**Q** 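There's a structure below that I have some questions on.
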Amino acid sequence: MKTKTAQRQVAFDFAPLEQLEEARRRAIRDYETLRAEQKRASDGMKALKPGSPEFDTLRATLKEMADRGKALEEEKRIIEEAIPPLLLRIPNLCHDSVPVGESADDNYLVRSHGEIKPLGFAPLDHVAIGEKHGILDFEQAGRVSGARFCFLRGQAARLERSLINFMLDIHTREHGYEEIFPPLMVNADAMTGTGQLPKFEEDLFKTDNLYLIPTAEVPVTNLYRDTLLESLPSTLKMVAYTPCFRREAGSHGRDTRGLIRQHQFNKVELVKIAPPEESYDELEKLVNDACTILQRLELPYRVMGLCTGDIGFGAAKCYDLEVWLPSQNTFREISSCSNFEAFQARRANIRFRDSSGKAQFAHTLNGSGLAVGRTLVAILENFQNADGSVTIPDALRPYTGFDRIG
RNA sequence: GGAGAGGUGGCGGAGUGGUCGAACGCGCUUGAUUCGAAAUCAAGAGUCCUUUCACGAGGACCGUGGGUUCAAAUCCCACCCUCUCCUCCA
């Protein structure tokens with residue numbers, strides 16, 4: 001465990017935790033021994049007459065035991081409270097198939113799809129295309145909200161909405177996911193359940209007591225929090241479209257131009273609750289479900305497997321889907337698909353009864369299917385024509401009602 | 001926002017200070033009966049934690065957190081949630 005944690009390029013000191021755990025056991029033993037004694041002695045009370053000397057003597061003894069008990073309980077409580085904050089900061093263990101590596105440079109190519117055709121002219125980026133047609137307005141969004149916001153107007157707004165419906169339709173009708181529209185604000189318990197808290201608080205927008213969701217993964221996974229499923233004969237599959245809200249703290253100066261990294265963006269998210277023995281098969285299927293969208297939209301992409309140094313905090317295994325962006329002459333992440341194994345289930349208390357009747361933690365998975373804003377960027381850029389117009393991919397036309405922009 | 005009612009095991013629902021981890025019903029598991037099923041009869045079964053190689057032993061848990069008491073599902077306080085009525089509202 002210590003080795004695997006280190007492979008993630010995370011420094012975590014296990015020694016204090018081990019000491020606390022030892023202290024915790026001792027405190028529990030002390031407390032429970034006294035409690036057992038106290039309960040046995042207390043049974044004698046009801047046989048005695050109130051006011052008799054025996055009654056008063058025993059009562060005094062018991063009073064003294066109760067006081068000691070309270071002190072021991074308090075001691076136990078303090079120790080027990082110190083443990084979870086430490087535990088919650090340990091990242092998940094990576095699956096054995098995940099290669100050890102230091103950074104994104106050590107990720108590996110799983111497969112790629114679609115041909116990267118040279119456009120035959122210098123490609124505009126999506127910001128230039130959007131401004132040319134008056135359908136993306138970053139400048140006014142800056143005045144109304146601030147940096148990292150955007151107004152979509154006219155055909156861009158319609159394209160965004162079309163993409164959402166297109167993705168939801170495929171996942172519900174063809175891939176068998178249940179459509180969910182969850183709350184966009186959740187409490188701290190829910191955020192802890194999926195692992196955003198306590199470690200990533202600075203990435204979240206917060207109101208009085210509630211947080212704005214950074215991804216639908218949070219409310220949708222927590223749909224099953226504190227649940228003991230009587231059985232889990234097959235994997236539960238859910239899909240949710242939501243806006244997502246992120247502070248993007250620590251990414252100052254990165255992707256400041258355009259729609260790539262916004263404080264608010266739309267995403268269609270896939271979430272699965274699976275029996276442990278099926279979860280890795282389900283991860284592959286989930287990746288394929290997300291790939292379907294890119295294929296139907298005729299966008300070139302590749303699937304990358306993340307190494308231990310680049311994988312997310314709670315994931316045991318993770319694939320990124322990256323779409324081709326001509327203006328940047330590179331692939332950019334458009335989906336991230338992870339198996340969390342029991343990492344989130346332990347926090348959110350999501351259990352099921354296995355065939356032997358024992359309650360055990362389920363595995364949770366999720367992945368973008370896809371990030372809508374980045375998909376819009378990919379379409380604008382990949383389907384642009386020499387005159388600056390944009391052709392709408394065939395699959396999307398029934399949704400947009402138009403076949404070109406400009 | 002105002003008034004009232006209520007939160008108990010998978011579900012329904014008793015329980016107002018010790019004999020309550022909790023009656024009863026439904027549901028569930030196993031056995032008997034049956035060719036099989038239904039019905040009936042019998043038995044069993046909560047979760048978490050500590051300890052033990054194991055059998056077992058012990059502790060905690062009746063919305064959450066405090067308090068009173070030798071002793072709390074039961075009494076007191078705060079909070080959260082649900083339902084009904086009124087008010088308001090997209």
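Naming convention: chains lettered A, B, ... in sequence-line order (proteins, then strands); numbering from 1 in each chain. What you see is a predicted model; the values in this text were computed from it and never measured.
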**Q** Starting at atom CZ of A/Arg26, determine the distance to atom P of B/G59, rounded to an integer number of angstrom.
**A** 21 Å
**Q** If I pick the P atom on B/C41 and the same atom on B/G25, what distance separates them, to the nearest angstrom?
**A** 11 Å
**Q** Tell me the interatomic distance from A/Asn187, atom CG, to B/U64, atom P, rounded to whole angstroms.
**A** 16 Å
**Q** A/Phe245 and A/Phe205: aromatic ring centres closer than 6.0 Å?
**A** no
**Q** What is the distance from NZ of A/Lys39 to P of B/A57, rounded to the nearest Å?
**A** 14 Å
**Q** Can you tell me how far P of B/U51 sits from CD of A/Glu21, to the nearest Å?
**A** 8 Å
**Q** What does B/A43 pair with, Watson-Crick or G-U, if both distances are under 3.5 Å?
**A** B/U29
**Q** With side-chain contact (heavy atoms from CB on, under 4.5 Å) as the criterion, how do A/Val239 and A/Ile180 come out once you've worked through the C-alpha distance, each side chain's angles and the decisive distance to 0.1 Å?
**A** CA-CA 6 Å; A/Val239 57; A/Ile180 307 283; over 6 Å; no
**Q** Between the side-chain atoms of A/Ser42 and the base atoms of B/G18, is any donor-acceptor pair under 3.5 Å?
**A** yes
**Q** Could you measure between the two P atoms, the one in B/A72 and the one in B/G65, and give it in whole Å?
**A** 15 Å
**Q** Applying a 4.0 Å non-hydrogen cut-off, can you work out what A/Arg59 is touching in the nucleic acid: base, sugar-phosphate, or nothing?
**A** base
**Q** State the pairing partner of B/A38; accept Watson-Crick or G-U wobble contacts with both distances under 3.5 Å, and report none otherwise.
**A** none
**Q** Does this structure show an ion pair linking A/Arg77 with A/Glu81, if we count only N-O contacts that are shorter than 4.0 Å?
**A** yes
**Q** Distance check, C1' atoms only: B/C26 and B/A45, in whole angstrom units.
**A** 15 Å
**Q** When the C1' atoms of B/A73 and B/U8 are compared, how many Å lie between them, rounded to an integer?
**A** 7 Å
**Q** Closest to the A/Tyr31 side chain: B/U50, B/G66, B/G59?
**A** B/G59
**Q** Whole angstrom is fine here: how far is it from CD1 in A/Ile83 over to P in B/C48?
**A** 18 Å
**Q** Quick one: which of B/G58, B/A71, B/G18 gets closest to the side chain of A/Ala36?
**A** B/G58
**Q** Report the nucleotide, chosen from B/U47, B/C70, B/U51, that has the shortest atom-to-atom distance to any side-chain atom of A/Arg25.
**A** B/U51
**Q** For B/G27 versus B/G9, give the span between their C1' atoms, rounded off to a whole number of Å.
**A** 13 Å
**Q** Are A/Arg374 and A/Leu259 packed together at the side-chain level, in the sense that at least one heavy-atom pair is separated by less than 4.5 angstrom?
**A** no
**Q** What contact category does A/Arg24 fall into here, base, sugar-phosphate, or nothing, at under 4.0 angstrom with non-hydrogen atoms?
**A** sugar-phosphate
**Q** Across all strands shown, which nucleotide pairs with B/C55 by Watson-Crick or G-U wobble geometry, both distances under 3.5 Å?
**A** none
**Q** In whole angstrom, give the distance that lies between atom NZ of A/Lys76 and atom C1' of B/C61.
**A** 11 Å
**Q** Measure from CG on A/Leu58 to P on B/A71 and round the result to the nearest Å.
**A** 12 Å
**Q** Find out whether A/Thr364 and A/Glu217 are in side-chain contact, i.e. whether some heavy atom of one side chain is under 4.5 Å from a heavy atom of the other.
**A** no
**Q** Considering every strand shown, what is the Watson-Crick or G-U wobble mate of B/G18 when both distances are under 3.5 Å?
**A** B/C70
**Q** Using both distances under 3.5 Å as the test, list the Watson-Crick or G-U wobble partner of B/C79, or none.
**A** B/G63
**Q** Need to verify one output field. Residue with the more 5' nearest nucleotide on RNA chain B, A/Asp43 or A/Ala60?
**A** A/Asp43
**Q** Any carboxylate oxygen within less than 4.0 angstrom of a Lys/Arg side-chain nitrogen, looking at A/Glu21 and A/Arg25?
**A** yes
**Q** Rounded to whole Å, please give me the gap between CG in A/Asp226 and P in B/C61.
**A** 18 Å
**Q** Applying a 3.5 Å limit to both distances, which nucleotide forms a Watson-Crick or G-U wobble pair with B/U84?
**A** B/A3
**Q** Tell me which nucleotide among B/U47, B/U50, B/G66 gets nearest to the side chain of A/Arg351.
**A** B/U47
**Q** If you measure from the C1' atom in B/A22 to the same atom in B/G17, how many Å do you get, rounded?
**A** 15 Å
**Q** Return yes if some donor-acceptor pair links the side-chain N/O of A/Thr308 with the main-chain N/O of A/Gln7 below 3.5 Å, else return no.
**A** yes
**Q** From the set B/G18, B/G66, B/C49, return the single nucleotide nearest to any side-chain atom of A/Glu32.
**A** B/C49
**Q** Suppose you measure atom P in B/C48 against the same atom in B/C11; what distance do you get, rounded to whole Å?
**A** 16 Å
**Q** Compare the minimum distances between each of B/U50, B/A60, B/C70 and the side chain of A/Arg35, then state the nucleotide with the smallest one.
**A** B/A60
**Q** How far does the C1' atom of B/U47 sit from the matching atom of B/C53, given to the nearest Å?
**A** 25 Å
**Q** May I ask which nucleotide in the shown strands pairs with B/A90, Watson-Crick or G-U wobble, both distances under 3.5 Å?
**A** none
